[in-house]
Participant: 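Before we start, here is the structure in question, set down as structure tokens.
The structure presented is a predicted model; accordingly, all values stated were derived computationally and were not measured. We name chains A, B, ... by the order of the sequence lines, and we start the count at 1 in each one.
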There are 2 protein chains.
Amino acid sequence: MLAAERKIKIVEYVRQHQAASVSALAQEFGVHEATIRRDLAEVEQEGLLKRTHGGVIVEGLTNREPSFNERSTVQLEQKIRIGRMAASLVEDGDHIIIDSGTTTLHIARHLTHKMNLTVVTNDMNVAAELRDAPGVRVTVTGGELYPSSYMLNGMFTDHVLKSVHVSKAFLGTPAIHPKHGLMHPEAQLVVAKQGMIRAAQEVIVVADETKIGKLSLHKVAPNSAIHTLITGVEVPAYDVQQFRDAGVNVLTV
Amino acid sequence: MLAAERKIKIVEYVRQHQAASVSALAQEFGVHEATIRRDLAEVEQEGLLKRTHGGVIVEGLTNREPSFNERSTVQLEQKIRIGRMAASLVEDGDHIIIDSGTTTLHIARHLTHKMNLTVVTNDMNVAAELRDAPGVRVTVTGGELYPSSYMLNGMFTDHVLKSVHVSKAFLGTPAIHPKHGLMHPEAQLVVAKQGMIRAAQEVIVVADETKIGKLSLHKVAPNSAIHTLITGVEVPAYDVQQFRDAGVNVLTV
DNA sequence: TTATCTTTCTTTCGGCAGCTAGCAATTGTG
DNA sequence: CACAATTGCTAGCTGCCGAAAGAAAGATAA
């Protein structure tokens with residue numbers, strides 16, 4: 001195999017697997033590890049992949065760093081289900097807000113084939129995910145990049161959220177309680193979430209089972225402000241009923 | 001077999017196999033390797049295939065995202081040099097704007113070790129690059145995600161640029177001319193560039209040699225608005241002098 | 001946390017395959 | 001036949017690969 005050909009195949013391989021170790025690549029292509037390292041150095045120079053100690057990962061916004069990645073794999077299968085269900089509520093021609101988060105990211109992934117859709121988001125990952133969707137216009141709220149995530153927050157975010165109106169807002173949350181409603185541990189992020197709720201005709205909260213019934217420091221909004229809650233079938237019927245009693249339309253998937 | 005006929009068949013063969021070695025082609029067509037090399041030299045000249053050490057590959061195989069990746073590999077080494085030089089002008093404690101672009105992205109890559117730096121950018125790639133830099137705060141201008149790039153533009157971008165003031169703005173450009181100054185082919189992007197110039201005390205333009213002396217449709221700013229131009233040493237001394245005569249401080253690297 | 005160990009990375013070297021360039025032989029053409 | 005184009009060949013140069021040593025980055029244990 002040609003050196004240049006191998007380099008291309010390395011990029012393909014890593015893109016397919018999201019990541020790869022130097023030794024695995026050396027074995028896959030039957031060359032010395034030093035050769036793989038040289039290839040990786042060049043490929044990285046070209047900005048196609050990003051090297052790490054021991055291997056290589058895909059470069060760019062669609063990639064997630066470890067701490068984020070870990071969060072992503074927790075309840076992954078459930079989040080995908082929830083994301084697909086949430087996406088099914090979106091109609092062609094809609095204007096929607098997608099909040100930052102791992103579950104909401106899965107919504108975005110199911111929206112790529114929609115037509116004439118406008119998405120406002122404060123998450124660069126969500127934006128990147130929808131970037132190449134031909135029927136989707138993406139508006140990113142400005143703001144400060146939140147440490148070790150791809151979320152934007154602050155004055156400029158709030159300004160954008162005050163300037164828009166959408167039919168549906170999809171919010172993620174670390175805690176939602178049948179009595180106290182939507183809650184969040186970080187005060188800084190509460191304003192943005194409230195801005196999204198105000199900007200939307202219909203508020204849809206997505207939350208996997210680990211978030212249900214949880215309390216947190218700050219109240220974001222009462223359950224009366226939430227129209228629909230989408231969660232996993234794993235949530236006990238009793239908890240689901242409590243939210244329904246509070247006037248929330250609960251969908252389990 | 002005629003020489004011209006063989007050349008066509010070589011292209012067909014390589015397209016089918018994605019890549020081929022010189023020896024394999026020599027065997028396939030029953031001619032000497034030197035003959036194949038001569039054919040390949042011509043075929044490459046015509047831009048049909050790309051030669052590599054040991055053989056030939058299909059051009060553009062690496063370009064998953066043609067528009068962006070293509071741009072970023074062109075003049076890569078020069079852009080890295082320019083990026084490093086530009087980054088050296090940034091001091092700890094600065095507030096700066098970094099424009100969207102492939103050259104400006106290389107500036108960001110050299111800023112990760114700065115302390116107490118605030119970066120405002122309209123490029124999600126630039127933001128992502130500086131995301132994990134402990135001493136760098138990143139503010140992203142909001143706006144609409146520009147097709148097949150990671151650039152943000154529009155009303156919200158302009159709003160943010162009107163709301164900030166920075167010591168230095170680093171702008172990329174597809175065309176800069178000693179008489180007509182900074183130019184751009186797309187009207188939509190002119191406003192954002194002008195906003196960056198207005199928001200900055202000092203305007204620094206980065207441009208590799210291929211941009212120097214070029215004309216384009218819209219005037220963005222006269223040379224008098226530009227304080228410093230950073231470009232490659234490849235640029236002829238005559239061109240450099242023309243910009244210096246126009247009052248621009250030119251740095252070549 | 002600090003110290004130690006292990007793995008991985010960088011750098012350097014030499015061997016080898018492939019490349020360039022020039023020349024000679026062959027083939028094709030008027 | 002003369003002339004040009006094409007092909008084969010070779011000498012010297014260049015770039016690629018594997019190996020090994022020292023450096024750096026993680027991992028482990030105290």
Side-chain angles (χ1 to χ4, degrees), chain A residues 1-14 17-59 63-70 148, chain B residues 1-14 17-59 61-62 73 76-77 80 84 109-110 112-113 129 131-135:
Chain A
M1 183 182 298
L2 301 169
E5 190 182 358
R6 187 184 54 235
K7 264 170 56 182
I8 292 166
K9 287 194 188 301
I10 286 174
V11 175
E12 277 176 20
Y13 181 95
V14 176
H17 294 71
Q18 292 289 97
S21 68
V22 171
S23 57
L25 289 169
Q27 192 153 16
E28 175 76 19
F29 294 100
V31 293
H32 200 268
E33 296 196 357
T35 305
I36 294 292
R37 291 200 181 90
R38 271 185 284 251
D39 289 341
L40 294 182
E42 291 171 34
V43 164
E44 183 176 41
Q45 268 294 302
E46 292 165 24
L48 298 167
L49 299 173
K50 185 159 182 64
R51 293 183 75 186
T52 64
H53 195 80
V56 61
I57 57 173
V58 291
E59 164 79 318
N63 161 55
R64 278 114 225 148
E65 57 114 43
S67 77
F68 193 90
N69 214 350
E70 261 171 62
S148 68
Chain B
M1 184 184 295
L2 297 170
E5 187 184 351
R6 188 182 54 235
K7 266 167 57 180
I8 293 166
K9 285 195 188 300
I10 286 174
V11 175
E12 275 176 24
Y13 181 95
V14 175
H17 294 73
Q18 299 282 76
S21 68
V22 171
S23 58
L25 289 169
Q27 193 155 12
E28 175 76 18
F29 295 100
V31 295
H32 199 268
E33 298 195 355
T35 306
I36 294 293
R37 289 199 183 93
R38 270 185 285 253
D39 290 342
L40 294 183
E42 292 170 33
V43 165
E44 182 179 40
Q45 197 66 42
E46 293 163 26
L48 299 167
L49 299 173
K50 182 160 180 62
R51 290 185 75 187
T52 70
H53 194 82
V56 61
I57 58 172
V58 187
E59 174 79 289
L61 206 59
T62 49
T73 50
L76 177 65
E77 190 269 336
I80 292 171
R84 184 165 43 230
R109 289 191 174 143
H110 287 97
T112 50
H113 59 281
E129 204 66 47
R131 187 178 71 114
D132 294 318

Participant: Which heavy atom in B:Leu40 sits nearest to a heavy atom in B:Gly55, and how many Å separate them?
Facilitator: CD1-O, 4.4 Å
Participant: Tell me the interatomic distance from B:Glu44, atom CD, to C:dT20, atom C1', rounded to whole angstroms.
Facilitator: 14 Å
Participant: Would you mind reading off the distance between A:Asp39 atom CG and D:dC17 atom P, rounded to a whole angstrom?
Facilitator: 6 Å
Participant: Take atom NE2 of A:His53 and atom C1' of C:dT10, then tell me their distance rounded to the nearest Å.
Facilitator: 12 Å
Participant: Please determine whether side chain to side chain contact (heavy atoms under 4.5 Å, CB included) holds for the pair B:His110 and B:Ile80, giving the CA-CA distance in whole Å, both sets of side-chain angles, and the decisive distance to 0.1 Å.
Facilitator: CA-CA 9 Å; B:His110 287 97; B:Ile80 292 171; 4.2 Å; yes
Participant: Identify the residue among A:Asp39, A:Val22, A:Val14 that makes a side-chain contact (heavy atoms from CB on, under 4.5 Å) with A:Val56.
Facilitator: A:Val14
Participant: Please report, rounded to the nearest Å, how far the P atom of D:dC16 is from the CD1 atom of A:Ile10.
Facilitator: 14 Å
Participant: How long is the line joining NE2 of A:His32 and P of D:dG15, in whole Å?
Facilitator: 22 Å
Participant: Measure the angle between the two terminal helix axes of the helix from C:dT1-D:dA30 to C:dG30-D:dC1, five base pairs each, and quote it to 10°.
Facilitator: 40°
Participant: Counting heavy atoms not belonging to B:Glu28, are there more than 12 under 6.0 Å from its CD?
Facilitator: yes
Participant: With heavy atoms under 4.0 Å as the rule, sort A:Ser21 into base, sugar-phosphate or nothing.
Facilitator: nothing
Participant: Among the nucleotides D:dG8, D:dG18, D:dC16, which one has an atom lying closest to any side-chain atom of A:Val31?
Facilitator: D:dG18
Participant: Name the nucleic acid region contacted by B:Ala34, choosing base, sugar-phosphate or nothing; use a 4.0 angstrom heavy-atom cut-off, strictly under.
Facilitator: base
Participant: For A:Glu5 and B:Ala19, indicate whether the former's side chain and the latter's backbone hold a donor-acceptor pair under 3.5 Å.
Facilitator: no
Participant: More than 12 non-hydrogen atoms from neighbouring residues, nucleotides or ligands closer than 6.0 Å to CD on A:Glu42, yes or no?
Facilitator: yes
Participant: Mind checking side-chain contact (heavy atoms from CB on, under 4.5 Å) for B:Ala26 and listing every partner two or more places apart, or none if nothing turns up?
Facilitator: B:Glu33, B:Ile36
Participant: In whole Å, what is the span from the CD1 atom of A:Ile36 to the P atom of D:dC16?
Facilitator: 15 Å
Participant: Do A:Arg38 side-chain and D:dG18 base share a donor-acceptor contact under 3.5 Å?
Facilitator: yes
Participant: In this structure, how many angstroms lie between the P atom of D:dT6 and the CZ atom of B:Arg37, rounded?
Facilitator: 19 Å
Participant: Take atom CG of A:Leu2 and atom P of D:dC16, then tell me their distance rounded to the nearest Å.
Facilitator: 12 Å
Participant: Quick one: on DNA chain D, does A:Glu42 or B:Gly30 contact a more 5' nucleotide (nearest heavy atom)?
Facilitator: B:Gly30
Participant: When only distance counts, do a donor and an acceptor, one from the side chain of B:Arg51 and one from the base of C:dG18, lie under 3.5 Å apart?
Facilitator: no
